[in-house]
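Reviewing the structure listed below.
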2 protein chains.
Amino acid sequence: MGKREEKIASIIQHTTRLLVHEGVGGLSMRRVADLAEIRLSNLQYYFKDREALLKATVAHYFEQCKTDVLQSLPSSDTKEIKLESLLRETLQKGLVLGDTNEQCAMFREIWALSTRNTSIAALVKEYYQHYCQWLVQLMASYTPQPQLIVSLLMPYVEGYSVMGQALPLTKEEVIDLLVKTVLVVIDQ
Amino acid sequence: MGKREEKIASIIQHTTRLLVHEGVGGLSMRRVADLAEIRLSNLQYYFKDREALLKATVAHYFEQCKTDVLQSLPSSDTKEIKLESLLRETLQKGLVLGDTNEQCAMFREIWALSTRNTSIAALVKEYYQHYCQWLVQLMASYTPQPQLIVSLLMPYVEGYSVMGQALPLTKEEVIDLLVKTVLVVIDQ
DNA sequence: ACCTGAACACCGTTCAAGT
DNA sequence: ACCTGAACACCGTTCAAGT
């Protein structure tokens, strides 16, 4: 990694940290510059304005998520696992409440940013489309219409991160309900 | 409404407008003061800081949502409607993509704020809990376990607002899937 | 109780000037 | 190509001073 790449990596790393721990409101060009130990005007040489810095940071964050997800997905010898176990494990990992989770905090910031920034909105859409494709592949050996299962579970998991704490069911009850639901829908 | 109440209403109204149309980043005490045609220091007399203004605005927004929802919910002579029609209508209204919808824009801002503000997080949780209760009541005449249906649909609708545009199904296909799923789960 | 302006440290952006 | 500091308009908060 050359000097230039190292510097950019450091900038984006500190921007991500600020976004996660302080939110968009706590992110300023000057704080990033201080953390990265460069001058404000030098930071602006690499990212011409706040928007450019945010866009690059979000893009990099989704890249990270992508490698994380692809690593954590069960490997291709999955067919030996029962569908029910696969669903249970995936939901156990995926159903997370946003109050305690750093990734949820980042996603909430990104969702808010995407409302007013078409570049970031495009990154969000692209990421979710890829995510759907990976899950469709994963489910393909269990049902002729894996898109149905994915279309059922993906929005649910995202919505759960935002309001799951207000549901009348515990997480375990939710998982039971979802697993049962998916199995029943597949059998139809 | 007395002078004081009118002033506060005007302040909160302009704050809400700024939040929806410009996001948290576009909201400043000075802009609100200008829009409400008062001095910055006068605004600070009514809301001691930005956080207090945000909290009051979010509380007021949820109150609005509450009355909107309670009005739009089918009235108590609902039992004459078929469950399938009720689900279809509710989902047709509820499944909205965040890119085009002002309410979704506001909720995204609120979700992000709630990560770092426990008062706002409490308002969010309280609102969703009420929402769940209204829906449970609505579903109670169709199934002995209305919480299951609500726990299935509520997170889904919220998640759909955030990533529905990346799903491999159209909105109509999603509604068909959900309606079918709910009916099947009820029959179990 | 209600309203004001000045002062402070902080912010993003622009720009002319350096190496 | 890379880096700098100064200047600008804007920001939230504090506070002493008014009615």
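Below, chain A is the first sequence line, B the second, and so on; all start at residue 1. Here the structure is a predicted model, which is why all the values come from computation and not from measurement.
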Quick one, [X] and [Y] - any side-chain contact, counting heavy atoms below 4.5 Å?
X: Gln71(A); Y: Thr67(A); value: no
X: Thr100(A); Y: Gln165(A); value: no
X: Tyr61(A); Y: Leu19(A); value: no

Identify the pairs formed between an N or O of the protein and an N or O of nucleotides 2-5 of chain C at a distance under 3.5 Å, and give each distance.
| residue | atom | partner | partner atom | Å |
| --- | --- | --- | --- | --- |
| dC2(C) | OP2 | Arg4(B) | NH1 | 2.8 |
| dC2(C) | OP2 | Tyr45(B) | OH | 2.8 |
| dC2(C) | O5' | Tyr45(B) | OH | 3.4 |
| dC3(C) | OP1 | Lys7(B) | NZ | 2.4 |
| dC3(C) | OP2 | Lys7(B) | NZ | 3.0 |
| dC3(C) | OP2 | Asn42(B) | ND2 | 3.1 |
| dC3(C) | OP2 | Tyr46(B) | OH | 2.4 |
| dC3(C) | O5' | Asn42(B) | OD1 | 3.4 |
| dC3(C) | O5' | Asn42(B) | ND2 | 3.4 |
| dG5(C) | N7 | Ser41(B) | OG | 3.0 |

Between [Y] and [X], does any NZ, NE, NH1 or NH2 come within less than 4.0 Å of an OD or OE carboxylate oxygen?
X: Arg116(B); Y: Glu109(A); value: yes
X: Glu89(B); Y: Lys93(B); value: no
X: Glu51(A); Y: Lys55(A); value: no

Any salt bridge (Lys or Arg N to Asp or Glu O under 4.0 Å) involving residues 7-27 of chain B? Give me the pairs, sequence neighbours left out, ordered by first then second residue.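 Qualifying pairs: Glu22(B)-Arg31(B).
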
More than 12 heavy atoms of other groups within 6.0 Å of Glu5(B) CD: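 Yes - once you tally the heavy atoms of other residues, nucleotides and ligands closer than 6.0 Å, there are more than 12.
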
Let me know the distance between CD of Glu5(B) and P of dA1(C), rounded to the nearest Å.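 Between P of dA1(C) and CD of Glu5(B): 14 Å.
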
Over how many whole Å does the gap from Lys48(A) atom NZ to dT13(C) atom P extend?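 Going from Lys48(A) (NZ) to dT13(C) (P), I get 9 Å.
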
Donor-acceptor pairs under 3.5 Å, side chain of residues 129-139 of chain B to any protein atom, not counting sequence neighbours: which ones?
| residue | atom | partner | partner atom | Å |
| --- | --- | --- | --- | --- |
| His130(B) | ND1 | Glu126(B) | O | 3.4 |

Compute whether any side-chain donor of one residue and acceptor of the other, for Ser161(A) and Arg108(A), lie under 3.5 angstrom apart.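 There is no such pair between these side chains.
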
What integer number of Å spans the P atoms of dC2(C) and dA17(D)?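 Rounded to whole Å, the distance is 22 Å.
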
The criterion is ring pair (Phe, Tyr, Trp, His ring centres under 6.0 Å); which residues satisfy it with Phe62(A), sequence neighbours excluded?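 For Phe62(A), the residues satisfying ring pair (Phe, Tyr, Trp, His ring centres under 6.0 Å) (neighbours in sequence not counted) are Phe107(A), Tyr127(A).
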
Could you write out DNA chain C as a dot-bracket string, with dots for unpaired bases, | for bases paired across to another strand, and Watson-Crick or G-U pairs counted at under 3.5 Å? ||.|||||...|||||.||

Mind checking salt bridge (Lys or Arg N to Asp or Glu O under 4.0 Å) for [X] and listing every partner two or more places apart, or none if nothing turns up?
X: Glu158(A); result: none
X: Asp49(A); result: none
X: Glu63(A); result: none
X: Asp34(B); result: none

Check DNA chain D against residues 110-117 of chain B and give the residues with a non-hydrogen atom under 4.0 Å, in numerical order.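 Per residue number, the list is empty: none.
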
Considering only heavy atoms, which members of residues 49-61 of chain B lie under 4.0 Å from some atom of DNA chain D?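 Listed by number, they are Asp49(B), Arg50(B).
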
For DNA chain C, the residues among residues 18-33 of chain B that have a non-hydrogen atom under 4.0 Å from it: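 Residues of residues 18-33 of chain B that come under 4.0 Å of DNA chain C do not exist, since none gets that close.
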
